Amino acid sequence: MPSWSRRHVLSLADFEPWEYDTILQTANSFREVLSRRTKKVPTLQGQVVTNLFFEPSTRTRSSFELAAKRLSADTLNFAPGSSSLTKGETILDTAKTYLAMGTDLMVIRHQESGVPQAIATEMDRLNSGVGVLNAGDGQHEHPSQALLDLFTICAQLDANQPCLELLQNKKIAIVGDILHSRVARSNLWSLTASGAEVHLAAPPTLLPQAFADYVKDTPLERKLFVHWELAPALQNADFVMTLRLQKERMTGNLLPSLREYHQQFGITRDRLQQCRPNVKIMHPGPTNRGVEITSDVMDDPEMSLIAEQVTSGVAVRMALLYLMGGAKS
Amino acid sequence: MPSWSRRHVLSLADFEPWEYDTILQTANSFREVLSRRTKKVPTLQGQVVTNLFFEPSTRTRSSFELAAKRLSADTLNFAPGSSSLTKGETILDTAKTYLAMGTDLMVIRHQESGVPQAIATEMDRLNSGVGVLNAGDGQHEHPSQALLDLFTICAQLDANQPCLELLQNKKIAIVGDILHSRVARSNLWSLTASGAEVHLAAPPTLLPQAFADYVKDTPLERKLFVHWELAPALQNADFVMTLRLQKERMTGNLLPSLREYHQQFGITRDRLQQCRPNVKIMHPGPTNRGVEITSDVMDDPEMSLIAEQVTSGVAVRMALLYLMGGAKS
Amino acid sequence: MPSWSRRHVLSLADFEPWEYDTILQTANSFREVLSRRTKKVPTLQGQVVTNLFFEPSTRTRSSFELAAKRLSADTLNFAPGSSSLTKGETILDTAKTYLAMGTDLMVIRHQESGVPQAIATEMDRLNSGVGVLNAGDGQHEHPSQALLDLFTICAQLDANQPCLELLQNKKIAIVGDILHSRVARSNLWSLTASGAEVHLAAPPTLLPQAFADYVKDTPLERKLFVHWELAPALQNADFVMTLRLQKERMTGNLLPSLREYHQQFGITRDRLQQCRPNVKIMHPGPTNRGVEITSDVMDDPEMSLIAEQVTSGVAVRMALLYLMGGAKS
């Protein structure tokens, strides 16, 4: 396997299969570290990981912060609320300030698509050697979430050797607000790359005809299937990934009511009967219990991988920071 | 002495005397560590202590954070402002997310009574092994504050061997808003358990007749005395614990005016003449200077134990995290 | 050189030349540490550095936090938003609470002039041994910023041995809102102490006649020159320090318009022709691009020392915490 050379992780669009496998293997070894009583390794001792979360998120920031601390890095957190941004500083100037302070790796979340890419370009232009990790940008991508989803699925299929080819011919359903989900967008890249069959299900307002047209006559056509009802997506599925229904979409008249959405696309124990016997359910969190998924499915330890996703998240983020940190030198 | 087996510290209601003594002894050894130049011990290296402060508090959170860091733990802070809670996630789901990330000990503050207990129950149901420490829930309890008060008093009586029985026959006055104080509630358990005589003083709106009736004909009757004026509580008292007067109580018409409250229940140097010669004054902070206590009493190093309480707080919280961390394995 | 004995750094008004040189030398050795892959030293292991930022600032707080972490100190951050201050606690009581928790060094920013001094006086009155560092108080002083400016200039003149006398006969222009700038105020002390010629340029509303009158007939008269236009300040300048134009000044009718300000006092490549050939441009950040300075000047690596200032900031703050920490024992 080639050695890791990608300094930034901004999108999964151009990821090679061996890159996925490198992340899966590295995360698996860190997953093992996390089960020990002393969960730290000295890999990034003395390095600085800065979380620039222009869009606030306690959950994802905590996951990255813990990953960095377990690699023995020092962490800085940028909080937009009390920041220079309100004083008119540009985003690139903020990033350059943290670069000048001695940041080695930047983890960036922003409500606008493309901000992490813009910062990465600037970091390269300055020959800074700093790696940039996209922790969610607008409706564009959220690669570390898709990679932890991938790890969770692969580790479920083979806990000792999670790798991409385990997904060959598996059927994976993604249900919900595909249109606005950066998680779904990143997942499409990783899952179709794996040779899995990916079935999308959502109301047409959240999964437009244009999307189906776009896929047609491309290599994706045989891997990606679009449905405007739930049943054909769930039929014989091995994994069902539900997406968070952002309630603010309602105001845009994209949805009739939460109750109606639940009736048509909510994941219930009953509907999961159509899936494979050992079907596993996933959700990126935070969940709206009783809307996109019922509580009894979510809390069933035989079915739900939701807690496993969170745990995998720390291991996958350790792997990313570790690989990017190594690519630097 | 038996070895510590309590995984959660949620309330002092069922604490055994030997448990108090174990905490006092352990805190005393950490108190000694804190006086060294290098104030750290490696006890919780690699462990994760998560502060889930749904009700914000800089002071108490800083105390727990410092206690955890001095035990060499990694700390995560959950800030409700920018959190998934605003996205509709339940409190238990938030706690389970931090569990899945790898939290070993959770320190929880919430404006509603019972939340730490509910999270502890869920942690046990999941066989997580995680310990939960109640850092203040509604008007219910605030055990670590009562334990640091206890430690402060006992260490005052015998700095080398603080233990519960030192309080036998001591008279302790608690003055102020008993009704709404979780600190007072926890203190009642620890102080009456010690064999001290506890005298409460407050206006009837903050210390209802019903409370006095409740105590009557119980074993508490000989240890706990209710007064609706200050003088009999202060008479020959060894320690006077003043409580913070929450100004927001005024809006509920529970108090005529701050000035009138101060005239009747404010602690002044003059009134303390009725106490024992070496009486010590305590306050959980933050204080309203000139309301529940005058500045000259508060700032008198011969009388005031307020700074000592804060210092003891770090040692007692180290002891709690240490004992709970050990109970885990 | 005498050994460092200053416990607090509150103002540069009474700094001795050897003190500047001690800071410059110490910062230079830390600057070297920062260029290593492992950027930590164990100097303040087990010590607690508390950032009390009553006025929020992500940038300066991050710089101090990183400096403390690289000296291996534990850090506490006080956030006024969710604090006891809103519960009516006094500033001194907040500081004393953090003292009682075990703080060794306090870094204080406050919107009112004199608060760090008041806290330092209280810390001394209590014989606490705690050192207080003023991280910006009102319109009074911001010594660590002026010291990092000094270090940046001196290191530019001699990277191996930055010292005060390198500034002898250098011409330094300070342009902008002198009146309201605590940075400018601190810089005046350090730069005039060095033997440099300091030229101030600003519109009269931001640099009153009274200021010029004040200087007259003092020893400063031969070192400090006041101009109400830009050209004479830039003429043959070796360094040009631009100040941030606080947009909120506009509401006070102190400025006609941003555009007009830029036309008269904005730093452009064209105007810099009047300076020495190798003139360097500085700015304390955050900048208003296109107002006090044009983007092309700011981003020109041959001219701009802005990133260098940020990097020096961490080294200078490490030096200050190190020296103050040593002065303690």
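Please read all numbers here as calculations on a predicted model, not as lab measurements.
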*Asks:* Taking all atoms of both residues into account, what is the closest heavy-atom pair of C:M101 and B:R70, and its distance?
*Replies:*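 Scanning both residues, the minimum pair turns out to be O-NH1, 3.6 Å.
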*Asks:* Looking at C:L126, C:T75, C:L99, which one has more heavy-atom pairs under 4.5 Å with chain B than the rest?
*Replies:*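 Looking at each option in turn, the highest pair count goes to C:T75.
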*Asks:* Contact between C:K96 and B:I306 at the side-chain level, heavy atoms closer than 4.5 Å - yes or no?
*Replies:* no
*Asks:* Hey, are C:D74 and B:K40 close enough for a salt bridge, meaning a charged N less than 4.0 Å from a carboxylate O?
*Replies:* yes
*Asks:* Do other residues, nucleotides or ligands put more than 12 heavy atoms under 6.0 Å from B:R269 CZ?
*Replies:*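 Above 12, so yes.
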*Asks:* Quick one: closest heavy-atom pair of B:R61 and C:N77, and the distance?
*Replies:*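 Result for this residue pair: NH2-O, 3.8 Å.
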*Asks:* If you measure from the Lys or Arg side-chain nitrogens to the Asp or Glu carboxylate oxygens, is any gap between C:R125 and B:D299 under 4.0 Å?
*Replies:*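 Salt bridge flag = no for B:D299 with C:R125.
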*Asks:* List the atom of C:A100, the atom of B:A307, and the distance in Å for their closest heavy-atom pair.
*Replies:*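 Taking C:A100 first and B:A307 second, the nearest heavy atoms are CB-O, 3.4 Å.
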*Asks:* Looking only at non-hydrogen atoms, find the nearest pair between C:L76 and B:S62 and report the distance.
*Replies:*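 Heavy-atom minimum between the residues: CD2-O, 3.9 Å.
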*Asks:* So do the side chains of B:T58 and C:Y98 get within less than 4.5 Å of each other, counting heavy atoms only?
*Replies:* yes
*Asks:* How long is the gap from CG on C:L92 to CZ on B:R289, to the nearest 0.5 Å?
*Replies:* 7.5 Å
